[in-house]
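Here the structure comes first, spelled out in structure tokens, and everything after it is commentary.
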Amino acid sequence: MTKPVPRRISTGIAGLDEILHGGYILARAYLLTGPPGGGKTTLGWHFLTAAGDEPSLFITFGESQSELLENASYSGFDPSGVHFCDLSPAADLFEEVRSYDIFPASEVELEPTTARLIEAVQRVKPQRVFIDSMTALRYLYKDAPEFRRQTLSFLRYVKQGGGCVVMTSEASGEAPDDDLRYLCDGVIELAPSERARSLTVAKFRGSDYHAGEHTLRLGANGAAVFPRLVPEEYGVPFPVERLPWGVPELDALTHGGLERGTVTLLTGPSGVGKTTVGVQFMKEAAER
């Protein structure tokens, strides 16, 4: 029986596509997690702007649409094809006095927020959805089980149309994201450091991936990811044969020369001819 091959969707970053063996899997949900400054929103912009003709949707709970567009232009992104669902607080909210005597604020604000999410998904019918961040949505639910249940339902609602969802979280001791890690099909951890930012794939259902810590760089053109080099994974096919030394006596002693694909150590005190033998071996290779 032929093993089915999952359909992929590019992350928009060549190095990350290589790490994930081709990119995200369609109709799945992925979590970008890490402290501020790790590059989560930048990776989201790469994902959305790589859509081409595919409809893409940016759902924001923090930065406003105007702020996001301004920052995107600084990083060289073209957001002209990206649709927005801006759920960030308006500037005049601070001037308003809102008090809820019977119901908590979360219950009053949850229903209109949910309605706007559904309207945006139905209007755009996105193949790529980026949510920044799910932590803000968490505070609208009365408890963790309700947040988990509703989040799972929303992700399934988006994925049933074939869309791929990438979301961010702002994990902390007061608001951990362990529940989101369980709900998502993949988790990518971003971490800034003094030397360089790093990226690690902690989970990726349905596919293998390059494990370990990979380098992430942020610059004027967005993000670049450099996969960790693993020598044994980059082999090149070669014929099994012997390479002559160029010295008939040495060839006879080693049954025709050195076997290709091996390492040989020439050792001995100074002046016995190690360099001379090595140069003779290189000369023979050059003549071939």
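- Every residue meeting the side-chain hydrogen bond (donor to acceptor under 3.5 Å, both in side chains) condition with Arg8, not counting sequence neighbours, appears here in chain and number order: Ser207.
- Few gaps surround CD on Glu146; more than 12 heavy atoms of other groups in view lie less than 6.0 Å from it.
- One distance of note links CD of Glu119 with SG of Cys85; it measures 7.5 Å at 0.5 Å rounding.
- Judged as a side chain to side chain donor-acceptor pair (under 3.5 Å), the pairs with a partner in residues 40-52 (not counting sequence neighbours) are, in order, Thr41-Asp132.
- Looking at heavy atoms from C-beta onward, Ile118 lies out of side-chain contact with Val121 at the 4.5 angstrom threshold.
- Applying the salt bridge (Lys or Arg N to Asp or Glu O under 4.0 Å) test to residues at least two apart or on different chains, the pairs with a partner in residues 241-256 are Glu241-Arg260.
- The main-chain N or O of Leu31 is never found under 3.5 Å from a side-chain atom of Arg181 such that the two would form a donor-acceptor pair.
- Taken to the nearest 0.5 Å, the NZ atom of Lys203 stands 10.5 Å off from the OH atom of Tyr209.
- We find the OG-CG distance between Ser64 and Leu69 to be 8.5 Å, quoted to the nearest 0.5 Å.
- Each of Leu32, Leu180, Ile59 was compared with Met167 under the side chain to side chain contact (heavy atoms under 4.5 Å, CB included) criterion, and only Leu180 meets it.
- Panel note: side chain Arg217, backbone Ala196; no donor-acceptor pair is recorded below 3.5 Å.
- When the shell of 6.0 Å around CZ of Arg7 is examined, it contains 12 or fewer heavy atoms from other residues, nucleotides or ligands.
- Taken from OG in Ser66 to CG in Asp86, the straight-line distance is 7.5 Å, to the nearest 0.5 Å.
- Residues satisfying the ring pair (Phe, Tyr, Trp, His ring centres under 6.0 Å) criterion with Phe84, sequence neighbours excluded, are Phe58.
- Residues Thr33 and Ser169 bring a donor and an acceptor atom of their side chains to less than 3.5 Å of each other.
- Atom CG of Asn221 sits in a sparse spot, with 12 or fewer heavy atoms from other residues, nucleotides or ligands closer than 6.0 Å.
- Among residues two or more places apart in sequence or in another chain, the side-chain hydrogen bond (donor to acceptor under 3.5 Å, both in side chains) test is passed with Arg28 by none.
- Taking 4.5 Å as the limit, some side-chain heavy atom of Leu16 sits within range of a side-chain heavy atom of Leu43.
- Qualifying ring pair (Phe, Tyr, Trp, His ring centres under 6.0 Å) partners for His214, counting only residues two or more places apart in sequence or in other chains: none.
- Taking OG of Ser198 as the start and CG of Leu216 as the end, the distance is 8.0 Å to the nearest 0.5 Å.
- The main-chain N or O of Ile13 is found under 3.5 Å from a side-chain atom of Thr11 such that the two form a donor-acceptor pair.
- Among pairs with a residue in residues 153-165, those fulfilling salt bridge (Lys or Arg N to Asp or Glu O under 4.0 Å) read Lys159-Asp185, at least two apart in sequence or across chains.
- In terms of the side-chain hydrogen bond (donor to acceptor under 3.5 Å, both in side chains) criterion, Thr200 has no residue partners (sequence neighbours excluded).
- The number of heavy atoms from other shown groups lying within 6.0 Å of OH (Tyr157) is above 12.
- Note on residues 259-288: pairs passing ring-ring contact (aromatic ring centres under 6.0 Å, His included), not counting sequence neighbours, are Trp245-Phe281.
- Within the structure, the salt bridge (Lys or Arg N to Asp or Glu O under 4.0 Å) test picks out the following pairs touching residues 52-77 (sequence neighbours left out): Glu54-Arg128.
- Here the OG1-CZ distance, from Thr168 to Phe130, works out to 5.0 Å after rounding to the nearest 0.5 Å.
- Residue pairs that meet the side chain to side chain donor-acceptor pair (under 3.5 Å) test with at least one member in residues 279-288, sequence neighbours left out, are Lys283-Glu287.
- In terms of the ring pair (Phe, Tyr, Trp, His ring centres under 6.0 Å) criterion, residue partners of Tyr30 (sequence neighbours excluded) are, by chain and number, Tyr24, Phe204.
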